[in-house]
Each structure stands twice: as structure tokens, then as C-alpha cells.
A.B. asks: 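Below is the structure I would like to discuss, written out as C-alpha cells.
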Amino acid sequence: MNINELDSKFNLAIEAIKDAKSIYIVSHVQPDGDNIGSLLALGLALKKIEKDVFFLKTDNIPKDFLFLPNIDLIKDYDEKEIDLLITLDSSDEERLGGNIELLEKAKKIVNIDHHLSNTNYGDINIVDSQAAATCEIVFKLIKKLEIPIDKDIATCLFTGISTDTGSFMYENANEETHLIAAELLRIGIDKQEININIWQNKSLLKTKLFIKTLETLETYFDDRVAIVEVTRDNLRAVGASMEDSEGIVSFIRDIDTVEVAVMLKEFEEDEIKVSMRSKRYVDVSDLCSKFGGGGHQKASGCTIKSDLEQVKKDLITELEKVI
Ligand code: 5GP
Ligand code: MN
């Protein structure tokens with residue numbers, strides 16, 4: 001989407017916001033920092049212009065993000081009328097989990113996202129794959145609405161941008177990302193506290209799962225592909241939950257020879273959630289879309305209804321074609 005197109009989409013969204021009284025903003029399944037950050041930031045901003053804002057919970061909020069201001073506002077749907085539903089960071093309808101039915105109930109839908117694979121399921125779709133995070137798009141929307149960005153809003157936006165860029169390390173963190181971050185810093189956020197909360201706050205339990213999971217490491221194709229498994233047995237053995245596996249896949253991507261890192265999460269015996277990361281040239285979004293998933297070129301996922309061994313076999317067959 002070019003700048004003019006993007007601008008006209010912003011104007012349509014602003015019109016829809018101005019026309020609406022009750023605005024529901026919805027998170028996605030297994031929400032990440034960008035999702036929770038953009039949800040809170042946009043909701044807090046819209047409250048300032050006297051809208052009835054509802055922050056919709058789709059899934060459990062990982063404890064890493066419980067430090068965010070006003071996190072308690074995120075709640076289950078209250079069965080009331082929805083003038084406007086805003087989806088964030090959700091590339092397709094399925095990402096909305098149990099809240100998918102709200103797409104039917106809402107009078108209007110604004111879909112704000114930065115995934116190239118977004119299916120444009122909204123009435124108004126602000127999809128900018130150049131943005132490093134949905135929080136960047138929300139930052140621009142709040143500015144266009146001329147709502148002042150306070151410290152709480154800035155904290156949420158900075159968190160989303162930091163988590164989606166690997167603390168500004170990945171190539172998606174471009175000049176504009178840094179300029180936005182600079183503006184958020186100027187507002188007076190406590191960068192050190194945010195960084196400690198999102199990057200230096202691993203529980204001992206999470207660390208134990210990390211160790212256990214690394215023991216499952218297998219490599220293929222001259223160590224260019226690395227695969228780890230988070231099995232239900234291992235979760236039970238350390239007393240951890242699946243959300244504690246977050247971060248392991250990027251750790252194995254950091255192995256020098258590795259181009260593609262894969263983490264297989266055994267949710268059920270025959271339901272495996274795949275997390276994939278690449279380093280230089282493999283488009284893992286393309287690969288995951290073959291299994292009904294998607295995401296970004298270098299960070300994607302999908303869910304496959306087979307057992308661990310079968311999933312591994314099928315993925316290796318596809319990986320061999322691209323590695
Ligand atoms: P993660 O591996 O951290 O769960 O997800 C990495 C990226 O892939 C995120 O940008 C996320 O939106 C996307 N992603 C993960 N799982 C799925 C999926 O099942 N479908 C789609 N469309 N995207 C996914
Ligand atoms: Mn995102």
C-alpha cells in the first residue's frame with residue numbers, strides 16, 4: 001500500500017471512529033507484545049475522545065505483559081452492541097479465536113495490521129507490511145486523530161515495537177521505527193523498566209523449560225535447519241505451560257550455521273503449533289502458508305493436525321526445497 005492509499009484508509013478509519021459510540025478492540029489468540037501493546041494504546045487513546053471503549057480478551061495474557069498500564073481493562077465480551085470492531089495484528093479471521101463471531105455482530109470492522117499475508121477481511125483495511133509492528137500504525141492513527149500520546153500509551157506502543165523487532169535488532173526496524181521510538185522516549189517512558197520487564201524477566205520455570213527443550217535439538221541439511229520440540233511430557237516434567245516456550249525458537253535461530261529455526265509445540269497429541277524463524281533468505285511465511293498459516297518473511301507460524309513425528313517429516317520435506 002503506498003502512502004496515498006494508506007492516508008485515505010486512515011481517513012476512512014477516522015470517520016468510522018468518529019461515527020461510532022461503542023468501539024470494541026479485539027486481541028488475537030496467543031497474544032504477543034505487539035498485539036497487547038497496540039490494543040491498550042489505541043483503546044486508551046480512544047477513551048480520551050469520550051468513546052465507549054471495550055478491550056476484548058481472546059486468549060490468556062502472557063505474564064510478561066501484565067506490567068503494562070491498564071492491562072486489567074482487557075475483558076471478555078459483554079454481549080452488548082458493537083458499533084465498530086477494530087482488529088489488531090491479526091492477519092486472518094481465524095486469529096480472533098472465539099471472538100471470530102463478533103465479525104458478524106459488528107456494524108463495521110476496521111482491520112489494522114502489518115502482515116503481508118493479511119486477507120483484508122475488514123470493511124476498512126489498514127494493512128502496511130512496511131511497518132515493523134502494528135504499534136507503529138496505531139501510533140500514526142492516534143496522531144492523525146490528534147489525540148495526545150501520554151506516558152501510558154507510549155509505554156504500550158514502545159513495548160509492541162520492541163517485542164516485534166527483537167529490541168530493534170531485526171531488519172524490519174527501519175529509520176521510521178527508530179524515529180517513532182525516539183518520539184516515544186521523548187514523552188518520558190521508562191525504557192529501562194520496560195526492557196527489564198520484556199527482555200530480562202525470565203522465570204526460573206521458563207529457564208528450566210528452555211534447558212529441557214534445548215535437549216531435543218536436532219539439526220538437518222548441514223545444520224542449516226534446527227528443530228526443537230516442546231512436548232506435553234516435558235511441560236509436565238518441569239511444571240511449565242506452553243506460553244513459557246516463548247523465545248526458544250529465536251535462540252536456536254541464533255546458532256551460527258542456522259538459516260531456519262523450527263519449534264514444534266505439542267498442544268494435543270495430534271495438534272502441533274509450529275513457530276518458524278529464518279535469518280537471511282528463506283521466506284518462512286511462504287512455507288507456513290502451505291500449512292494454512294502465515295506471518296512475516298522471517299517469523300511465521302501454523303497449526304498442523306498430525307502428531308509430532310509426522311509434522312516434522314512434512315516440514316522437513318518442504319524445508320528441503322528452500323534451504
Ligand atoms: P509465533 O511463532 O511467535 O507464534 O508467531 C510468529 C508470527 O507468525 C507472528 O507474526 C504471527 O502473527 C504469525 N503466526 C503464527 N501462527 C500463525 C498462524 O497459525 N496463522 C497465521 N496466519 N499467522 C501465524
Ligand atoms: Mn505484530
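What you see below is based on every heavy atom in this structure, not just the backbone, and it leaves out hydrogens, waters and symmetry mates. Read the numbers this way: they start at 1 and go in the same order the structure lists the ligands and their atoms.
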A.B. asks: Is it the case that D78 and Y24 place a side-chain donor and acceptor less than 3.5 Å from each other?
C.D. replies: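 The criterion, which ignores hydrogens and geometry beyond distance, is satisfied for Y24 and D78.
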A.B. asks: With only distance considered, is V274 within less than 3.5 Å of ligand 1 through an N or O on each side?
C.D. replies: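 For ligand 1, there is no N or O atom that lies under 3.5 Å from one belonging to V274.
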A.B. asks: Pairs of nitrogen or oxygen atoms closer than 3.5 Å, one from H115 and one from ligand 1: do any exist?
C.D. replies: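 Yes, H115 has an N/O under 3.5 Å of an N/O on ligand 1.
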A.B. asks: Among the N/O/S atoms of D164, which is closest to the Mn ion (ligand 2)? Give the atom name.
C.D. replies: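 Of the nitrogen, oxygen and sulfur atoms in D164, the Mn ion (ligand 2) lies nearest to OD2.
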A.B. asks: Once you restrict to heavy atoms under 4.0 Å, what part of E246 touches ligand 1? Side chain, backbone, both or neither.
C.D. replies: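 For E246, there is no contact with ligand 1 at all, from either part.
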A.B. asks: Please answer: with hydrophobic residues joined when any side-chain heavy atoms are less than 4.5 Å apart, are F54 and L42 in the same cluster?
C.D. replies: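 No, it is not one cluster - the side chains of F54 and L42 are not joined through contacts under 4.5 Å.
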A.B. asks: Using 2.8 Å as the threshold, say whether any N, O or S atom from H115 sits that close to the Mn ion (ligand 2).
C.D. replies: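 Short answer: no, not a single N, O or S atom is under the cut-off.
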A.B. asks: Can an N or O of D89 be found at a distance shorter than 3.5 Å from an N or O of ligand 1?
C.D. replies: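 There is no such contact.
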A.B. asks: Where on D32 is there a heavy atom closer than 4.0 Å to ligand 1, on the side chain, on the backbone, on both, or on neither?
C.D. replies: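 No part of D32 comes within reach of ligand 1.
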A.B. asks: If we count only N and O atoms by modelled type, under 3.5 Å, do the side chains of N125 and N118 hold a donor and an acceptor together?
C.D. replies: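 The criterion, which ignores hydrogens and geometry beyond distance, is not satisfied for N118 and N125.
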A.B. asks: Given OD1 of D89 on one side and NE2 of H114 on the other, what angle do they make at the Mn ion (ligand 2), to 10°?
C.D. replies: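 If I round to 10°, I get 80°.
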A.B. asks: Verify the distance criterion only: is there a donor paired with an acceptor across the side chains of D92 and T119 at less than 3.5 Å?
C.D. replies: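 Looking only at side-chain atoms, T119 and D92 do not form any donor-acceptor pair under 3.5 Å.
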A.B. asks: Looking only at N/O atoms, are K265 and ligand 1 under 3.5 Å apart anywhere?
C.D. replies: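 No; the residue has no nitrogen or oxygen that sits under 3.5 Å from a nitrogen or oxygen of the ligand.
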A.B. asks: Donor-acceptor check, side chain of K279 to backbone of R253, threshold 3.5 angstrom: yes or no?
C.D. replies: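 Between the backbone of R253 and the side chain of K279 there is a qualifying donor-acceptor contact (under 3.5 Å).
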A.B. asks: Does D32 bring an N, O or S atom to under 2.8 Å of the Mn ion (ligand 2)?
C.D. replies: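 D32 does not place any N, O or S atom closer than 2.8 Å to the Mn ion (ligand 2).
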A.B. asks: Does the pair L287 and V260 meet the rule for a side-chain contact (heavy atoms from CB on, under 4.5 Å), with working shown?
C.D. replies: CA-CA 11 Å; L287 215 149; V260 179; 6.0 Å; no
A.B. asks: N/O/S of D34 less than 2.8 Å from the Mn ion (ligand 2)?
C.D. replies: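 True for D34.
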A.B. asks: Using a 4.0 Å heavy-atom cut-off, which part of H28 comes near ligand 1: side chain, backbone, both, or neither?
C.D. replies: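 For H28, there is no contact with ligand 1 at all, from either part.
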A.B. asks: Can you say whether the rings of H114 and H296 are parallel (under 30°), tilted (30 to 60°) or perpendicular (over 60°)?
C.D. replies: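 Tilted: the ring planes of H114 and H296 meet at 30° to 60°.
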A.B. asks: For S91, is at least one N or O under 3.5 Å away from an N or O on ligand 1?
C.D. replies: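 Yes, there is a polar N/O contact under 3.5 Å.
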